[in-house]
Amino acid sequence: MDNCIFCKIARGEIPSKKVYEDADIFAFHDINPQAPVHFMVIPKRHIAALSEVKPDDAAVLGRMLTMTGRLAREQGLPDGYRTIINTGRIGRQEVLHLHMHVLGGPEPLGRMMPRSSA
Ligand code: 5GP
Ligand code: ZN
(Lines give C-alpha, C1' and ligand atoms only; values in the text may rest on other atoms or scores of the structure.)
(Ligands and ions follow the chains in the order given, each with its own letter.)
Protein backbone atom coordinates (compact mmCIF):
# COMPACT_ATOMS: atom_id res chain seq x y z
CA MET A 1 0.00 0.00 0.00
CA ASP A 2 1.63 3.23 -1.19
CA ASN A 3 0.04 5.56 1.31
CA CYS A 4 0.02 3.43 4.44
CA ILE A 5 2.22 4.75 7.24
CA PHE A 6 2.98 1.31 8.69
CA CYS A 7 3.84 -0.11 5.25
CA LYS A 8 6.29 2.78 4.93
CA ILE A 9 7.75 2.03 8.36
CA ALA A 10 8.11 -1.67 7.46
CA ARG A 11 9.92 -0.68 4.23
CA GLY A 12 12.20 1.70 6.12
CA GLU A 13 10.86 4.74 4.26
CA ILE A 14 9.73 6.34 7.53
CA PRO A 15 12.18 6.05 10.42
CA SER A 16 11.22 4.09 13.50
CA LYS A 17 12.90 2.60 16.57
CA LYS A 18 13.12 -0.96 15.33
CA VAL A 19 12.74 -3.83 17.77
CA TYR A 20 12.86 -6.75 15.34
CA GLU A 21 12.51 -7.62 11.68
CA ASP A 22 12.35 -10.78 9.63
CA ALA A 23 10.94 -11.67 6.23
CA ASP A 24 7.33 -11.49 7.39
CA ILE A 25 7.01 -9.19 10.41
CA PHE A 26 8.38 -5.90 11.72
CA ALA A 27 8.36 -4.63 15.32
CA PHE A 28 9.00 -1.04 16.44
CA HIS A 29 8.45 1.22 19.40
CA ASP A 30 5.24 3.24 19.55
CA ILE A 31 5.84 6.95 18.94
CA ASN A 32 3.49 7.79 21.82
CA PRO A 33 4.13 5.10 24.45
CA GLN A 34 1.31 4.24 26.85
CA ALA A 35 3.57 2.24 29.20
CA PRO A 36 7.30 2.18 30.06
CA VAL A 37 7.73 -0.37 27.27
CA HIS A 38 5.35 -0.10 24.32
CA PHE A 39 6.11 -1.53 20.92
CA MET A 40 4.06 -2.86 18.06
CA VAL A 41 4.35 -5.94 15.89
CA ILE A 42 3.03 -5.74 12.34
CA PRO A 43 2.91 -7.95 9.27
CA LYS A 44 5.12 -6.51 6.53
CA ARG A 45 2.41 -7.30 4.01
CA HIS A 46 -0.48 -4.87 4.22
CA ILE A 47 -3.47 -6.23 6.10
CA ALA A 48 -5.94 -3.51 7.06
CA ALA A 49 -7.37 -4.99 10.25
CA LEU A 50 -7.84 -8.18 12.22
CA SER A 51 -11.39 -8.31 10.88
CA GLU A 52 -10.02 -8.53 7.33
CA VAL A 53 -7.65 -11.47 7.73
CA LYS A 54 -7.95 -14.44 5.38
CA PRO A 55 -6.97 -18.08 5.96
CA ASP A 56 -3.72 -17.41 4.10
CA ASP A 57 -2.77 -14.87 6.79
CA ALA A 58 -2.70 -17.50 9.54
CA ALA A 59 1.04 -18.07 9.31
CA VAL A 60 2.00 -14.43 9.67
CA LEU A 61 -0.47 -13.95 12.52
CA GLY A 62 1.04 -16.96 14.23
CA ARG A 63 4.49 -15.52 13.70
CA MET A 64 3.41 -12.23 15.32
CA LEU A 65 2.06 -14.06 18.37
CA THR A 66 4.86 -16.52 18.79
CA MET A 67 7.51 -13.78 18.72
CA THR A 68 6.03 -11.62 21.48
CA GLY A 69 7.54 -13.53 24.42
CA ARG A 70 11.08 -13.32 23.11
CA LEU A 71 10.75 -9.70 22.03
CA ALA A 72 9.17 -8.69 25.34
CA ARG A 73 11.99 -10.35 27.29
CA GLU A 74 14.55 -8.60 25.11
CA GLN A 75 12.83 -5.29 25.81
CA GLY A 76 13.02 -5.83 29.58
CA LEU A 77 9.67 -7.51 30.27
CA PRO A 78 10.49 -10.86 31.90
CA ASP A 79 7.30 -11.05 33.98
CA GLY A 80 4.63 -10.56 31.37
CA TYR A 81 3.02 -7.93 29.23
CA ARG A 82 -0.26 -7.00 27.60
CA THR A 83 -1.06 -7.44 23.93
CA ILE A 84 -3.77 -5.36 22.28
CA ILE A 85 -5.15 -5.39 18.75
CA ASN A 86 -7.60 -2.55 18.22
CA THR A 87 -9.98 -3.28 15.36
CA GLY A 88 -12.20 -0.93 13.38
CA ARG A 89 -14.34 1.92 14.62
CA ILE A 90 -15.56 0.19 17.74
CA GLY A 91 -12.05 -0.90 18.66
CA ARG A 92 -10.80 2.65 17.97
CA GLN A 93 -8.21 1.48 15.48
CA GLU A 94 -6.44 4.60 14.24
CA VAL A 95 -3.88 3.18 11.82
CA LEU A 96 -5.47 0.92 9.23
CA HIS A 97 -2.62 -1.59 9.02
CA LEU A 98 -3.01 -4.49 11.43
CA HIS A 99 -0.77 -4.04 14.46
CA MET A 100 -0.43 -5.73 17.81
CA HIS A 101 0.57 -3.52 20.71
CA VAL A 102 2.87 -5.05 23.34
CA LEU A 103 2.92 -3.10 26.60
CA GLY A 104 4.52 -3.52 29.99
CA GLY A 105 6.90 -2.21 32.58
CA PRO A 106 8.28 -2.91 36.03
CA GLU A 107 4.86 -2.71 37.71
CA PRO A 108 1.54 -4.33 36.79
CA LEU A 109 -0.43 -2.31 34.26
CA GLY A 110 -3.75 -0.66 35.00
CA ARG A 111 -7.05 -2.37 34.41
CA MET A 112 -7.58 -3.70 30.93
CA MET A 113 -10.66 -1.54 30.32
CA PRO A 114 -11.21 1.81 32.06
CA ARG A 115 -14.56 1.98 33.83
CA SER A 116 -15.36 5.40 32.41
CA SER A 117 -16.52 5.81 28.82
CA ALA A 118 -13.76 8.30 28.02
P1 5GP B 1 -4.23 2.12 17.16
O2 5GP B 1 -5.03 3.14 17.91
O3 5GP B 1 -4.48 2.17 15.68
O4 5GP B 1 -4.35 0.75 17.74
O5 5GP B 1 -2.72 2.50 17.41
C6 5GP B 1 -1.94 3.21 16.52
C7 5GP B 1 -0.65 3.47 17.23
O8 5GP B 1 0.32 3.86 16.29
C9 5GP B 1 -0.72 4.60 18.27
O10 5GP B 1 -0.37 4.08 19.55
C11 5GP B 1 0.27 5.62 17.77
O12 5GP B 1 0.99 6.24 18.82
C13 5GP B 1 1.16 4.82 16.86
N14 5GP B 1 1.72 5.57 15.75
C15 5GP B 1 1.04 6.35 14.88
N16 5GP B 1 1.88 6.87 13.97
C17 5GP B 1 3.11 6.39 14.27
C18 5GP B 1 4.40 6.57 13.68
O19 5GP B 1 4.59 7.28 12.69
N20 5GP B 1 5.44 5.91 14.26
C21 5GP B 1 5.29 5.13 15.35
N22 5GP B 1 6.38 4.55 15.85
N23 5GP B 1 4.09 4.93 15.92
C24 5GP B 1 3.02 5.56 15.40
ZN1 ZN C 1 0.03 -1.00 5.32
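Values below: every heavy atom of this structure, side chains too, minus hydrogens, waters and symmetry copies. In each ligand, atom 1 is the first atom listed, and ligand 1 is the first ligand listed.
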Would you call Ile9 a ligand 1 contact, heavy-atom distance under 4.0 Å?
yes

Considering heavy atoms of the protein only, find what lies nearest to atom 3 (O) of ligand 1 and give residue, atom and distance to 0.1 Å.
Glu94 N, 2.7 Å

Ligand 1 atoms nearer than 4.0 angstrom to some heavy atom of Asn32 are 12 (O)

Start with the C-alpha distance between Ile85 and His99, add both sets of side-chain angles, then the distance that settles side chain to side chain contact (heavy atoms under 4.5 Å, CB included), and finish with yes or no.
CA-CA 6 Å; Ile85 301 177; His99 50 282; over 6 Å; no

Restricting to heavy atoms, the pick from Ile85, Ile5, Asp30 nearest atom 9 (C) of ligand 1 would be Asp30

Using a strict 4.0 Å cut-off to heavy atoms of Arg92, name the atoms of ligand 1 that fall inside it.
2 (O)

Taking 4.0 angstrom as the limit and counting only heavy atoms of Phe28, give me the atoms of ligand 1 inside it, by number and element.
21 (C), 22 (N)

Short list, please: which atoms of ligand 1 are under 4.0 Å from a heavy atom of Phe6?
8 (O)

Would you say ligand 1 has an N or O under 3.5 Å from any N or O of Gln93?
no

Kindly confirm or rule out an N or O of Ile31 lying under 3.5 angstrom from an N or O of ligand 1.
yes

Check contact between Lys17 and ligand 1, using heavy atoms of the residue and a distance below 4.0 angstrom.
no

So which protein heavy atom does atom 22 (N) of ligand 1 come closest to, and at what separation?
His29 O, 2.9 Å

Run down the list His97, His99, Met100, His38 and name the one with the heavy atom closest to atom 5 (O) of ligand 1.
His99

Three-point angle His46:ND1, the Zn ion (ligand 2), Cys4:SG, rounded to the nearest 10°:
110°

With no hydrogens and no angle check, just 3.5 Å: does a side-chain donor-acceptor pair link His101 and His38?
yes

Answer yes or no: is there an ion pair linking Lys44 with Asp22, defined by an N-O contact shorter than 4.0 Å?
no

Would the distance check show the side chain of Tyr81 and the main-chain N or O of Val37 forming a donor-acceptor pair, the cut-off being under 3.5 Å?
no

Is Met40 close to ligand 1, meaning an N/O of one under 3.5 Å from an N/O of the other?
no

What's the verdict on salt bridge (charged side-chain N to carboxylate O under 4.0 Å, His left out) for Asp24 and Arg45, showing C-alpha distance, side-chain angles and the deciding distance?
CA-CA 7 Å; Asp24 300 316; Arg45 183 159 45 88; over 6 Å; no

Value rounded to 0.5 Å, distance of CZ in Arg82 from OG1 in Thr68:
14.0 Å

Contact atoms of ligand 1, heavy-atom distance to Asn86 under 4.0 Å:
1 (P), 2 (O), 4 (O)

